[in-house]
Amino acid sequence: MLNQIKGLHHVTSMAADARTNNAFFTDTLGLRRVKKTVNFDSPDVYHLYYGDETGTPGTVMTYFPFPDMGRGRPGTGEVGTTVFSVPEGALDYWSDRLSARGATGLKAETTFGENRLNFAGPDGDGFALIGVKDDPRAPWTSNGIDADHAIRGFHSVSMRLRDDGATRELLTFMGYETLETRDGVTRLAVPGAAAASVIDLETMPNIARGQQGAGSVHHVAFAVENREKQLEVRKALMDTGHQVTPVIDRDYFWAIYFRTPGGVLFEIATNEPGFDRDEDTAHLGEALKLPQQHKHLRPILEQHLPKLDA
Ligand code: ZN
């Protein structure tokens, strides 16, 4: 069993409109845009990162806004809900704020003894907020959202699977422990992780595979401290029969990817070097940053990519 994985690193989803996506995450949810760059494989598409002040692993929601992309059709084999942590008692505030801003899918419920508020993102993305007592992470505070209410980072992701057996076995190998099963949902957590440590597996044997599109989670990334730990994880996964990509330099972290037996695309990402490697912390996310191989495209991209509000 591995001990290098320290919870979630980031979650990457797809959207249909960059400006709407940016406004929702910065203005409505009050996260900080910590990087404005482009998709390595499609440089005409943004890659936008939202998180806490510095984009600490475990807080970072990222998006590929493909202009006019059709909506995904939710199903199995994908992350169904991305869950953020807010202070206990902040859910009424969020219910008012989200409904005032036209968010849909608002529903309060209690799961695993925790109060939560489900809501949908601009493309129908599945989100929830969970009230957590004493989450130690310092929040980014902006747009009138103070520290008593602001998002701390991820609480968990929930994966929808036709059968959770193989995914649960894999997560156990990755260092997760099964905590309990309630109402058909099995909760796992990585011991010793400070936050963003929980994964819920929802078994839906009769539901078809999801069709990815706007509002779908493209992949979920798990955090390791550095490249050395990443290579240990890569070798262990390969030795147990997983097809893992080579290490890929993503400028702000190094990444490896593999498709899991339940259908969800996993990434293992390093906590180094971080989002401040090419911008001061005070100005993170403001300038358009381009990967080395796309730098020559700057004049075209600056003209072509939609202008985002700060
Ligand atoms: Zn990623």
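All ligand and atom numbering here is 1-based and tracks the order in the structure.
- Closest N/O/S atom of H10 to the Zn ion (ligand 1): NE2.
- Note on H219: counted as a metal contact of the Zn ion (ligand 1), an N/O/S atom lying under 2.8 Å.
- Ring orientation note: the planes of Y257 and H219 are nearly perpendicular, at an angle over 60° on the 30°/60° scale.
- Taking the side chain as every heavy atom from C-beta outward, D17 and P122 never approach each other to under 4.5 Å.
- None of the N, O or S atoms belonging to H218 lies under 2.8 Å away from the Zn ion (ligand 1).
- Using the six-membered ring where Trp is involved, Y252 and Y49 have ring planes that are perpendicular, over 60° apart on the 30 and 60° scheme.
- Ring pair H10/F253 is tilted by interplanar angle, where 30° to 60° counts as tilted.
- Take the N/O/S atoms of E267: the one nearest the Zn ion (ligand 1) is OE1.
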